2 protein chains.
Amino acid sequence: MRRTNVEPIRKAALVNAAISEIAQAGTLDVTVGQIARRAGMSAALAHHYFGSKEALFLAAMRHVLTVYGAEVRGALALARGPRERLDAILHASFSATNFRRDVVGAWLNFYVLAQTVPEARRLLAVYQRRLRSNLVAALRPLIGAEAGPVADRIGAMIDGVYLREALGQRAPDGRSAVALVGAVVADALGMQGHRPA
Amino acid sequence: MRRTNVEPIRKAALVNAAISEIAQAGTLDVTVGQIARRAGMSAALAHHYFGSKEALFLAAMRHVLTVYGAEVRGALALARGPRERLDAILHASFSATNFRRDVVGAWLNFYVLAQTVPEARRLLAVYQRRLRSNLVAALRPLIGAEAGPVADRIGAMIDGVYLREALGQRAPDGRSAVALVGAVVADALGMQGHRPA
DNA sequence: TCGTTTATTGAGCCGTCAATCAACAAACCT
DNA sequence: AGGTTTGTTGATTGACGGCTCAATAAACGA
């Protein structure tokens, strides 16, 4: 066995470079060469490690989803009670690591990719299912049967805030994003009992 | 002067074809040739009328935004009172013409385009400003100073529902989309007086 | 009829980019 | 040292797509 196993290092560098480049130029214009240069190696090496441009994109997407998932799980583990679980999900979604400009830009491009590439579609579907199930689990003790519909609202809201951030001219602000979604959550919880349906 | 001025006809055909093709393949893979073929003409003619691929994309984007804007204005003209104005905006946003799969797909790609092309960014910014100002105008008589923040929530919610629809496997359902956003609106309006902040 | 304007296209140039390959470099083992 | 595995790249290829252009067809006016 080699002493320095460079493969994972190279792959990680390429994945990070891909995220940045994709966010900046879109999957449309970004070339393997650009990504490789940013990662400090030749285009040939990128092909050597990932085989194809598409495979590299999917790896980048998996990485973003993995990091996000890990952060959510970590925050949930510390939460005591349903309200804290909700807060944990929101804060993880808009944390400094996930709510960065380039990551948000990459997300947007992944959505576009998902319209064509089945594997990308599958990955996004997994993310959405997990998010929904986490939300429902936290909401159920608070509002019972309403948990499903309310989870759908919050989920759409999170995606919407992400989408808008991709276009915003100023740097992403996790705090205000949490406040925005948090208001919807508070409304939905507060309405319990005030209205029949 | 020619009897039949084909130019506007050709341009409209190209714009519609572009929307469909973009939604299906993304701005990445779609070629001018594909769009032109769908519109029933040669790629050379598409270049003749629009000059460049990017100009064609922007024309398609303008068309989508124009149709949407006209529909909102039309619905607002018929509305009596703030509540009906809110409903009018929602229904126009998710009407059968705007909430079609290919149109939603095109929207998504326009967002990506806006990350690189300044003119696309400008167009999206105009759309967002108009939507917000319409929402605020309708909300102000109902909730006063809260109109601004609530409009931001509803706006993000609409975008989020659009985004999710682009990925959904079943056909877009305007009714359920209106219900989703409508619930947030109802919550926000209902909360008036129940909470201090 | 004939020239002029308008509409349209096939062919091709030019550039780009994903992917391949053969060769080189370096670390390791024996 | 010699050989083998691992890491890396420049050069090349093959394909493709945006865009141009010269040429054709058709509609019109005089």
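Here the structure is a predicted model, which means the values were calculated and not measured.
- Atom-to-atom, CG of A/Leu45 to P of C/dA19 comes out at 15 Å; the value is rounded to the nearest Å.
- Clustering ILVMFWY residues whenever any of their side-chain heavy atoms sit less than 4.5 angstrom apart, transitively, puts A/Ile89 in a cluster other than the one holding A/Val136.
- Protein atom CZ of B/Phe50 is 14 Å distant from nucleotide atom P of C/dA7, rounded to whole Å.
- If you take CE of A/Met41 and P of C/dC24, they are 23 Å apart, rounded to a whole angstrom.
- In this structure A/Arg100 satisfies the side chain to side chain donor-acceptor pair (under 3.5 Å) test together with A/Asp102, sequence neighbours excluded.
- Residues B/Ser93 and B/Tyr68 have side chains that bring a donor and an acceptor to within less than 3.5 angstrom of each other.
- The local environment of CD in A/Gln128 is crowded, with over 12 non-hydrogen atoms from other residues, nucleotides or ligands closer than 6.0 Å.
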Heavy-atom protein contacts under 4.0 Å, nucleotides 13-24 of chain D, coded B base, S sugar-phosphate only, - none: ----SSBBB---
Derivation and outcome, side chain to side chain contact (heavy atoms under 4.5 Å, CB included), residues A/Leu139 and A/Ile154: CA-CA 11 Å; A/Leu139 287 167; A/Ile154 299 174; 4.1 Å; yes
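- Just one residue in the list B/Phe94, B/Tyr127, B/Tyr111 forms a ring-ring contact (aromatic ring centres under 6.0 Å, His included) with B/Tyr162, and that residue is B/Phe94.
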Trace of the side chain to side chain contact (heavy atoms under 4.5 Å, CB included) decision for B/Ile35 with B/Lys53: CA-CA 10 Å; B/Ile35 296 172; B/Lys53 185 181 178 179; 6.0 Å; no
Show me the protein contacts with nucleotides 12-15 of chain C, counting only N or O atoms at under 3.5 Å.
none

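- Rounded to whole Å, the distance from CZ on A/Phe57 to P on C/dC17 is 12 Å.
- Nucleic acid contact class of A/Tyr49 (heavy atoms, under 4.0 Å, all strands): sugar-phosphate only.
- Tracing side-chain contacts under 4.5 Å through hydrophobic residues (I, L, V, M, F, W, Y), one never reaches B/Val32 starting from B/Val117; they form parts of separate clusters.
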